[in-house]
Structure formats: C-alpha cells, structure tokens
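No experiment lies behind these values; they were computed from the predicted model shown. Side chains are part of it too, since the values below use all heavy atoms of this structure and drop only hydrogens, waters and symmetry mates. Numbered from 1 within each chain, the chains take letters A, B, ... in sequence-line order.
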2 protein chains.
Amino acid sequence: MDQELGELSENDFMLPPIKYEYLDHTADVQLHAWGDSLIEAFEQCGMAMFGYMTELAYVEIKQVHTIEANADDMMGLLYHFLDELLFLFSAEPFLICRKLKITEFNAEEFRIVCKCYGEEFEIGKHPQGSEVKAITYSAMQIIDEPKDNKFEVFVIIDI
Amino acid sequence: MDQELGELSENDFMLPPIKYEYLDHTADVQLHAWGDSLIEAFEQCGMAMFGYMTELAYVEIKQVHTIEANADDMMGLLYHFLDELLFLFSAEPFLICRKLKITEFNAEEFRIVCKCYGEEFEIGKHPQGSEVKAITYSAMQIIDEPKDNKFEVFVIIDI
C-alpha cells in the first residue's frame with residue numbers, strides 16, 4: 001500500500017455507474033432473555049425481538065393491543081407467543097412494542113394473554129433494524145428453575 | 001388480537017429494565033458484480049463490498065491510495081484484491097472507497113495494481129452498514145467470456 005500525495009484531478013472525481021447487486025443474504029440471531037419469573041423471561045424475549053427490528057428508544061407508548069397464544073407445550077407456547085407478536089408488526093396495526101405485560105400465563109393449558117404497548121411503525125421516526133422473517137424451534141431452550149431463581153429462554157430467529 | 005381503546009394510565013408508560021441479549025449472529029452475503037471487462041467487474045466487486053459497509057452516497061473523494069494484489073490464480077487474485085481493499089478500511093488509513101481504478105491487471109502473473117479513491121471512515125458522517133469480517137472462496141465464480149461480452153464475478157463475504 002502506497003499513499004499518493006499528489007493533487008486529485010477533476011477526472012478523479014468522476015464516478016462510475018453501479019454494476020453490482022447483493023444476493024442470498026442469510027442470517028439468524030439467537031435471543032437470550034431472562035427474568036425473575038418465566039413470565040418475565042417471556043416478556044423480555046418478546047422485547048428482544050422488537051429491539052432487533054428497530055431501536056426501542058425511538059418507540060413511544062401510544063396504543064395497547066392484546067394478543068393471545070395457545071399451544072400444546074411450553075416450547076410451542078413460546079413460539080406462538082413470539083409469532084403473535086411478530087404478526088402484530090407484520091400486519092395491521094403494524095405495532096412496534098415498547099413494553100409487554102403478560103396478564104395471563106397458564107402453564108397447564110399453555111395459554112398466554114399479553115398486553116402489548118407501543119405505536120405503529122413509522123419509517124423516518126423508527127430506525128429500520130433487521131426484518132424478522134420467522135421464529136424457529138431450532139435449539140430453543142426454556143429454563144424454569146424456581147429453586148435457583150433461574151428463568152431463561154433462548155430462541156433463534158431468522159432475519 | 002383485540003384492540004383496547006381505553007385511556008392509557010400513567011402506569012402503562014413505566015418501562016421495565018432490559019434483561020436480554022443477542023447471541024451468535026452469523027451471516028453472509030453474496031456479491032455479484034459485472035462490467036464490460038473483467039477489470040471493471042473486479043472494480044465493481046470491490047465497490048459492492050464498500051457499499052455493504054456504508055452508504056456510498058455519503059462518501060467523498062478526498063484521498064487516493066494505491067494497493068497491489070498478487071496471487072497464483074485468478075480466484076486467488078480476486079480474493080487478495082478484496083482482502084487488500086478490506087485492509088485499507090480495517091487499519092490506517094481507514095479508507096472507505098467511492099471509486100476504484102485498476103491501473104494494472106496482469107492475467108498471466110496474476111497481479112493487480114489499483115487506485116482507491118475515497119476518504120477516512122467517520123462515524124456520524126458515514127452510516128454504519130455491516131462489518132465485513134472476511135472474504136471467502138466459497139462458491140466463488142469468475143465468468144470471463146469476451147466473445148459474449150460477459151464479465152461477472154460472484155463472491156461470498158462473511159458479515
């Protein structure tokens with residue numbers, strides 16, 4: 001590498017056309033969330049997902065929506081909970097959440113009801129993060145150990 | 001999903017602490033570049049890489065640096081060419097290129113000399129794109145068909 005110190009000529013500033021493109025962007029990210037209860041760990045995991053979609057500091061609480069998720073086991077419940085949240089964003093009301101409050105968490109019937117606080121996603125106001133394409137069951141972990149006060153979840157999402 | 005229309009209370013605006021983190025972000029992207037010559041396709045491929053690192057519209061031409069790349073075959077040459085460009089950015093002079101001009105392209109000795117026009121990367125001025133971690137040989141393709149006027153390269157980079 002050799003720095004040239006000469007003056008730049010007018011020609012040096014002429015720009016070429018663009019003859020390139022980007023293909024096949026594949027990626028995933030693992031969300032790791034925890035709390036003082038499994039309920040809080042679920043809430044935090046949902047927030048982690050929204051935090052990947054934009055910078056949450058720009059999101060105001062203007063609306064509240066309620067979602068329900070049902071499943072046959074705990075992993076399914078986590079999956080469907082996140083999927084319902086993703087759906088809130090992907091379609092009307094296009095909600096970006098700033099806060100989640102699970103109001104019902106039934107660990108026997110595997111049912112969640114959650115209040116979702118936030119506002120409609122707005123380009124210009126909210127920095128665009130990564131598009132979350134799907135929740136996955138891949139390497140999913142739910143750690144629920146009350147005697148150690150250990151409540152954690154791990155979820156891989158496709159982006 | 002059920003929208004609640006009631007007023008939001010003061011409590012609704014209180015925000016929880018953050019108890020999550022992101023792990024294991026893995027990704028790659030394939031660059032596809034072309035031109036009226038293999039030389040132009042190489043130049044365009046280098047620009048595609050810088051275009052992934054920031055938005056090129058924000059980059060001004062203020063400096064010019066010269067790099068050299070040598071290899072034992074054409075794929076090695078493309079690899080080392082991109083790797084030299086990446087090195088321009090990763091260390092002094094921390095150059096983001098706006099324009100590349102290959103001044104020597106020796107397809108027998110596999111040697112490139114290239115003028116690199118741009119400026120030092122500056123947080124705040126240049127939007128931060130993805131960090132390019134490495135060039136790879138994975139699925140690399142160099143299409144050099146003068147009789148069809150077809151000059152294209154495909155390179156996967158780790159981000």
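Separation of atoms CD (A/Q63) and CG (B/D12) is listed at 13.0 Å; rounding is to 0.5 Å. Here the NZ-CZ distance, from A/K62 to B/F13, works out to 10.5 Å after rounding to the nearest 0.5 Å. The CG atom of B/L8 sits 9.0 Å away from atom NZ of A/K115, with the distance rounded to the nearest 0.5 Å.
Criterion: ILVMFWY side-chain heavy atoms under 4.5 Å apart, direct or through other members. Under it, B/Y79 and B/F89 are part of a common hydrophobic cluster. In the hydrophobic cluster analysis, where Ile, Leu, Val, Met, Phe, Trp and Tyr join through side-chain heavy atoms closer than 4.5 angstrom, B/M140 is grouped together with B/V132.
Looking at B/E152, there are no atoms closer than 4.5 Å to chain A (heavy atoms on both sides), in backbone or side chain. Interface remark: A/L100 contributes no atoms to any contact with chain B (heavy atom separation under 4.5 Å). Neither the backbone nor the side chain of A/E43 comes within contact range of chain B, judged by heavy atoms closer than 4.5 Å. Using a 4.5 Å cut-off between heavy atoms, B/L56 touches chain A through its side chain atoms alone.
Counted within 6.0 Å of CD on B/E109, heavy atoms from surrounding residues, nucleotides or ligands total 12 or fewer; the atom is thus considered open. By the neighbour-count criterion of 12 heavy atoms within 6.0 Å, atom CG of B/D72 is sparsely surrounded, having that number or fewer from other residues, nucleotides or ligands. In this structure, B/N149 places its CG atom where more than 12 heavy-atom neighbours from other residues, nucleotides or ligands lie under 6.0 Å away. Summarising the local packing, OH of A/Y58 is surrounded by 12 or fewer heavy atoms from other residues, nucleotides or ligands at distances under 6.0 Å.
Nearest heavy atom pair, residue A/M14 against residue B/K99, reads O-NZ, 2.6 Å.
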